[in-house]
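Quick notes on the structure that follows.
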Amino acid sequence: MDNMLLADNIQIKTLVVIGLGLIGGSLAAGLKKNNAARQVIGIDRVRDSCEKALAMGIVDRAEVSLAAVAGELGEGDVIFIAVPTLSVKNILQQIKDAKITGQVTITDGASVKGSVCNDVQQVYGELPLNFVPGHPIAGSERSGVDAADPHLYQQHRVILTPLHRQSAEAERHFERVRAMWQALGAEVVTMDVAEHDHILGATSHLPHVIAFSLVDTLAHDSNSKNIFRYAAGGFRDFTRIASSDAIMWRDIMLANKPSVLAAIDLFSKNLAALRGAVEAENATEITGVFTRAKVARDRFITMLSHQAYSKTMQNTKQNRQYQVAPGGKMRGEFRVPGDKSISHRAIMLGSLAEGVTDIEGFLEGEDALATLQAFRDMGVVIEGPVNGRVKVHGVGLRGLQPPSDVLYLGNSGTSMRLLCGILSGQSFSSEVVGDDSLNKRPMNRIAKPLRDMGAQIDTQAEGKPPLKIHGGQALKAISYAMPMASAQVKSCLLLAGLYAEGLTQVTEPAPTRDHTERMLRGFGYPVQREGDTVSLASGGRLQATSIDVPADISSASFFMVAAAIAPGSDITLTHVGVNPTRTGVINILNLMGANINLLNLREVGGEPVADIRVQYAPLQGIEIPEAQVPLAIDEFPALLVAAACAEGTTVLSGAEELRVKETDRIQAMADGLRTLGINCETKADGIVVQGGQLGGGTVESADDHRIAMSFTIAALRASGPITVNNCANVATSFPHFDQLAKMAGISLEVIDS
Ligand code: S3P
């Protein structure tokens, strides 16, 4: 490898590192190791450091003064200033005095960029085009050239704060510095100087202040010997950075004074509040701080390790593949995860209630977690989830706090639509945003009627998210006849109705799931239903309660269809919610000839629940009654697999809503079924499927959890293996689907690439 920087015609001829400490020594060592510079020269006024660097082989040449090499430098050369922040000015003066040409790129690694730019301005009277401020976010509590590590910057971030992006000459210098860091395996990001200093003040400089101060405080406690004797791993972890170079950090504090002061002030205020909560024995407030902190740190760790979790799930672009061997049968007794619709509503109503709501059986999938996080972001203290248990410390209808950032709702349409109803009634403004799929879904269906109620909502073109909701509007009740059968629209308007003057009435063209109405009543809030119209008046209150979330019939449906199509199957799905507004899947499978029995029918917390036994029986194609469509709206991907395995033709009509789910589910199912050798024909409002022999092949989930799971179960009846691409989104509704599917009898392998 002659030169890694030849790409884009960028190369470093000579790299001059001024300051052979950990930072400078590691850059020199890395570039030498990768042969990414033709020559590396180290400059350090301490002769011993020069000798060590030479002996370690991390420089080709070492000098105690820049003057010794200045005359040799020109185009293609880079000077890296790696001295403590407050010494940068002195080095800049030396560079200027040495009359180094403007063709040489100059960059630095100081932790504070504002002070460095001031120094440059003072020395040069301007900010020269060849100066590119930088800051590698890597380090160690070790210091000195002996600690130099060629891998120090690998997979670490380097922040560059370029000063002149408009000039081609400046851009050339910038690209050269960027390429230099990339050659070491670092990730280069850019931002402006003030933003850099503010962020680092909070995330790096403040923790150092706290660590140094804490250790100093305890070290001077009269009992310090004893204290340290009993200090265990936690103390060690927490104070590791107090072993860092004291003088360097002193300089950083002074150089970044305004941002450091702001960070210390904010922290002092919050620490005082926490002290107050301890003094007042305010357990809820303490829980709030600790749970929020835990979630924030867990997220941050997940983000760093690039694992799938909410926002990062979309960003990592990982292709999770399901590879499923053909054949098999379903056996056993299982409980699938909690109902998604009910889990969302439990968090929402629990948050708006007075008192503490205990939830059991909560779905720990990404969608419901997005709702949970949104309410945490609005100041609600929520404990858990731990094994499906969540404790929501309700704040009352008027107790939500303005979120400090946009509310990120991932893949979850239910979160966004229902939340918009609540947000429209708040005194504060807010913004909601989703992942790529959610940001393409229609929101005018809620924005229009909410505006009729007096809400002020901005959408993107064609009513797409992100949405901005302007707070402080006085809502007025409306009577609204929904143009489509949508439980999300109905629920959104009822939730807005809690804040609207008068009686809010919603009429549905066909029955849709009624969990919102049932749960509102469970929280002691009166809701009336007359025919197909639901209504509620504002002015009431929600009283905290306990909620036992049944297993989700939508998740159960994959196992129901699996057992219905695979000869020899006999499974029982326990504690499944069988609310009549959700049992379309059972009705449709029964019409097709499936053998399904509901056992132990009972009522739990206002929702009917049963154990569902499914035994294999041959299926026949049918014309699906349109009245069943809203009652099985999420189950059609699975039901279309049943149709493919049935004898004869199945016709689905009146299901245009399927085209605006997480993906266009009619198209995605048609594409996949055809790939597997099934004849089908799409219509604007449905699909016609000819039953036949499923073959093997590779199909796309279209990033839709239900499409992914449907093609997985199809393998039970396929003649060859089926590979389903992009299955990461299964985690939105059915965490651990793969494990349960394997236990039940599906030969599934998960491949991440
Ligand atoms: C849901 C309602 C349905 C459904 C979605 C959950 C709910 O959407 O598809 O998965 O919890 O209210 P629509 O109301 O848009 O049909």
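All ligand and atom numbering here is 1-based and tracks the order in the structure.
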Next on the checklist: Does K476, at its NZ atom, have more than 12 non-hydrogen atoms belonging to other residues, nucleotides or ligands within less than 6.0 Å?
Outcome noted: no
Checklist entry - What residues form a salt bridge (Lys or Arg N to Asp or Glu O under 4.0 Å) with D664, not counting sequence neighbours? => result R659
Next on the checklist: Is there a side-chain contact between K661 and D634 in this structure, where contact means two heavy atoms from C-beta onward sitting under 4.5 Å apart?
Outcome noted: yes
Next on the checklist: Can you tell me if E501 has over 12 outside heavy atoms packed within less than 6.0 Å of its CD?
Outcome noted: no
Item to check | R389 CZ: over 12 foreign heavy atoms closer than 6.0 Å | outcome: no
Checklist entry - List by chain and number: which residues place a heavy atom under 4.0 Å from ligand 1? => result S341, R345, T414, R417, S486, A487, Q488, R513, I633, D634, K661
Item to check | Whether F737 and F558 hold their rings parallel, tilted or perpendicular, with breakpoints at 30° and 60° | outcome: perpendicular
